[in-house]
Amino acid sequence: SSLKQISLPSSISEIENYVFNECSSLEQILIPSSVTKIGRYSFANCYSLKQISIPPSVVEIGDESFRECSLLNEISFPSSVTKIGSGVFYNCLSLTNFSIPSSVTSIKK
């Protein structure tokens, strides 16, 4: 609960399901360009996370991956993203700026 910042190594290809779930103090994470998938609930309940930049290598964002990130106000999707899971931004009350690229072929309910 006291983790505030994460810098992942470039050897990571996937952010697994639930890996940072409930890191309530997490404010910043640097996702390397080697990551192709962000798993389910991977950043859920990270209440202090304000913005995240997804690298152009990511093609899939799992279900509810940013659920309850209540301070998240900005996210940018690269044109490489083709799948967005369900409830990705559930209860992200501060989110005011994002766009979905035309490369997205699937968004779950």
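Hydrogens, waters and symmetry mates play no part in the numbers below; they use all other heavy atoms, side chains included. One-based numbering along the sequence shown.
- Put simply, CG on Leu72 and OG on Ser48 are 11.5 Å apart, with the number rounded to the nearest 0.5 Å.
- Screening Ile15, Ile107, Ile54, Val104 for a side-chain contact (heavy atoms from CB on, under 4.5 Å) with Ile61, the sole residue that qualifies is Ile54.
- Residues Glu64 and Ala44 come closest through the heavy atom pair O-CB, 3.7 Å.
- Under the 4.5 Å side-chain heavy-atom criterion for grouping Ile, Leu, Val, Met, Phe, Trp and Tyr, Tyr18 is not connected to Leu3 through any hydrophobic cluster.
- Side-chain contact between Ile100 and Ile84 is present, with heavy atoms from C-beta onward closer than 4.5 Å.
- One N or O on the side chain of Ser34 and one on the backbone of Ser10 form a donor-acceptor pair closer than 3.5 Å.
- Counting only distance, with no hydrogens or angles, the side chain of Ser103 and the backbone of Val81 share a donor-acceptor pair below 3.5 Å.
- With a 4.5 Å cut-off on side-chain heavy atoms, Ile52 and Ile31 count as touching.
- Looking at Asn73 and Leu71, their side chains never come closer than 4.5 Å, going by heavy atoms from C-beta outward.
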Check against side chain to side chain contact (heavy atoms under 4.5 Å, CB included), Ser65 and Ser42: CA-CA 5 Å; Ser65 50; Ser42 52; 3.7 Å; yes

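- The shortest non-hydrogen separation linking Leu26 to Lys4 is CD1-O, 3.6 Å.
- Relative ring orientation between Phe89 and Phe98 is described as tilted, the plane-to-plane angle lying within the 30° to 60° band.
- Residues Pro78 and Ser76 come closest through the heavy atom pair CD-O, 3.8 Å.
- One distance of note links CZ of Phe66 with CG of Asn91; it measures 15.5 Å at 0.5 Å rounding.
- Between atom CZ of residue Arg67 and atom OG of residue Ser86 there is a gap of 9.5 Å, rounded to the nearest 0.5 Å.
- Remark: the Glu74 side chain and the Asn97 side chain contain no N/O donor-acceptor pair separated by less than 3.5 Å.
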Audit row: Tyr90, Val88, side chain to side chain contact (heavy atoms under 4.5 Å, CB included) steps and yes/no: CA-CA 6 Å; Tyr90 177 81; Val88 169; over 6 Å; no

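- Atoms CD1 and CD, on Ile29 and Gln51 in that order, are 13.0 Å from each other to the nearest 0.5 Å.
- Here Tyr41 and Phe20 keep their ring centres 6.0 angstrom or further from each other.
- Remark: side-chain polar atoms of Thr82 are paired, donor with acceptor, to backbone N or O of Val59 under 3.5 angstrom.
- Contact of the Val19 side chain with the Phe43 side chain is not registered, since no non-hydrogen atoms from C-beta on lie closer than 4.5 Å.
- A distance-only check finds a donor-acceptor pair linking the side chain of Ser94 to the backbone of Ser70 [under 3.5 Å].
- Closest approach of Ser33 to Ser57, counting heavy atoms only: O-OG, 2.5 Å.
- In this structure, Lys83 has no salt bridge (charged side-chain N to carboxylate O under 4.0 Å, His left out) partners at least two apart in sequence or on a different chain.
- Looking at every heavy atom in both residues, Ser1 comes nearest to Ser25 through O-OG, 2.5 Å.
- Distance check, rounded to the nearest 0.5 Å: CG of Asn21 to SG of Cys46 gives 7.0 Å.
- Across every non-hydrogen atom of Glu68 and Cys92, the tightest pair is N-SG, 4.5 Å.
- At a threshold of 4.5 Å between side-chain heavy atoms, the hydrophobic network of Ile, Leu, Val, Met, Phe, Trp and Tyr places Leu93 and Tyr47 in two separate groups.
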